[in-house]
Amino acid sequence: MSSNFTLPRPLRRSGSLPPSRTVRVVVLGQGAVGKTAMTVRFITKRFIGEYDPTLETIYRHETSISGDVVHFEILDTAGQEEDTLLIEEKIKWGDGFIIVYSVTDRCSFDEVMRLCFLVNHIHSGSKKGNSDPPPMVIVANKRDLQFDRMVSTEDGENLSKTLKQPFYEISTRDSCEETVAVFHALYYEMMKQLNSSPTSFRRRAVSKLMEKIPKIHSNSALGSTGRSFSFNSFRDFLPE
Ligand SMILES: Nc1nc2c(ncn2[C@@H]2O[C@H](COP(=O)(O)OP(=O)(O)OP(=O)(O)O)[C@@H](O)[C@H]2O)c(=O)[nH]1
């Protein structure tokens, strides 16, 4: 997030200019690591304390980043996904990826490597002439639960060095700013890649599977502090 970051041209959808920049983000990770809590924190600033295993949802949220109008489409995946073909479809849909583990859950940490390879593998097979791995950020969540910690910060940093991906250790519960920083960092990663490889964001047509996933729109007003939501809980959203 350097201050001399150059803003690229808007993302292109198969050659035609969209009215503004739309980025598709897929949030991946094992169950209960905080994927939904992070996503909802980002778009509503609120923290969800309860746990309800996710039914997959695409959250649409418009915000401003460094003067850019950015339309986020965020797919909050279900951590219990078993079907490889389904997960492949979702990974193909994404422009960028947030891979989350919980510092209190060693298995979720071990899963990061597999998910990272899966994303790289699927995207390297679907893009011609572009060998860059897709933009990705690794997130260690639940830093506030120090007494239950099973994964050290050093372990996370070493993994991120091995995978050559940016790393953030955060507490979605304690810090909205840290959560927002993750999504912004991913956006900057996307823009960096777009500058160096303009063809990397050519998208395929949306598959039938992706069309079936419920969509939720936030009502944020651009340029506001992000507190303009008219609902009290993310459950007040009704899927389309
Ligand atoms: N203490 C603490 N709890 C958190 C944090 N982030 C999420 N949680 C809690 O962890 C639980 C699981 O969070 P979810 O966001 O539902 O997890 P998920 O990864 O979406 O889970 P699946 O839907 O099963 O994939 C919830 O009770 C959250 O309140 C955090 O930073 N700190």
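All values below come from the heavy atoms of this structure, side chains included, with hydrogens, waters and symmetry mates left out. Computed from a predicted structure; not experimentally measured. Sequential numbering from 1 along the given sequence is applied to the chain's residues. Note that ligands are numbered from 1 as they come in the structure, with each ligand's atoms numbered from 1 the same way.
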Under 4.0 Å, heavy-atom basis, I'd like to know which part of [X] is in contact with ligand 1: side chain, backbone, both or neither.
| X | result |
| --- | --- |
| Glu50 | backbone |
| Val100 | neither |
| Thr172 | both |
| Leu145 | side chain |
| Met38 | neither |

Does the residue Arg143 have a heavy-atom contact with ligand 1, meaning some pair of atoms that are separated by less than 4.0 Å? no

Report yes or no: does a heavy atom of Ala32 sit under 4.0 Å from some atom of ligand 1?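 In this structure, Ala32 qualifies as a contact of ligand 1 - some heavy atom is under 4.0 Å.
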
Of all the atoms in ligand 1, which lie at a distance below 4.0 Å from a heavy atom belonging to [X]?
| X | value |
| --- | --- |
| Gln30 | 19 (O) |
| Asp144 | 1 (N), 2 (C), 30 (C), 31 (O), 32 (N) |
| Ser171 | 31 (O) |
| Pro53 | 23 (O), 24 (O) |
| Lys35 | 15 (O), 17 (O), 18 (P), 19 (O), 20 (O), 21 (O), 22 (P), 25 (O) |

Using salt bridge (charged side-chain N to carboxylate O under 4.0 Å, His left out) as the criterion, list what pairs up with Asp144, not counting sequence neighbours. Arg173

Report the relative orientation of the aromatic rings in Phe42 and His61; use parallel for angles under 30°, tilted for 30 to 60°, perpendicular for over 60°. perpendicular

Which residues pass the side-chain hydrogen bond (donor to acceptor under 3.5 Å, both in side chains) test with Thr153, not counting sequence neighbours?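 Per chain and number, Thr153 pairs via side-chain hydrogen bond (donor to acceptor under 3.5 Å, both in side chains) with Glu169.
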
Checking salt bridge (Lys or Arg N to Asp or Glu O under 4.0 Å) for the pair Arg149/Asp155: CA distance, chi angles, key distance, verdict? CA-CA 12 Å; Arg149 194 187 258 275; Asp155 284 346; over 6 Å; no

For atom 15 (O) of ligand 1, the closest protein heavy atom turns out to be Ala37 N, 2.8 Å

Taking atom CD of Glu154 as the centre, does the number of heavy atoms from other residues, nucleotides or ligands within less than 6.0 Å exceed 12?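 No, because the 6.0 Å sphere around CD of Glu154 holds 12 heavy atoms or fewer from other groups.
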
Within one Ile-Leu-Val-Met-Phe-Trp-Tyr cluster: Leu145 and Val139, side-chain cutoff 4.5 Å: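 No; Val139 is not reachable from Leu145 via cluster members.
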
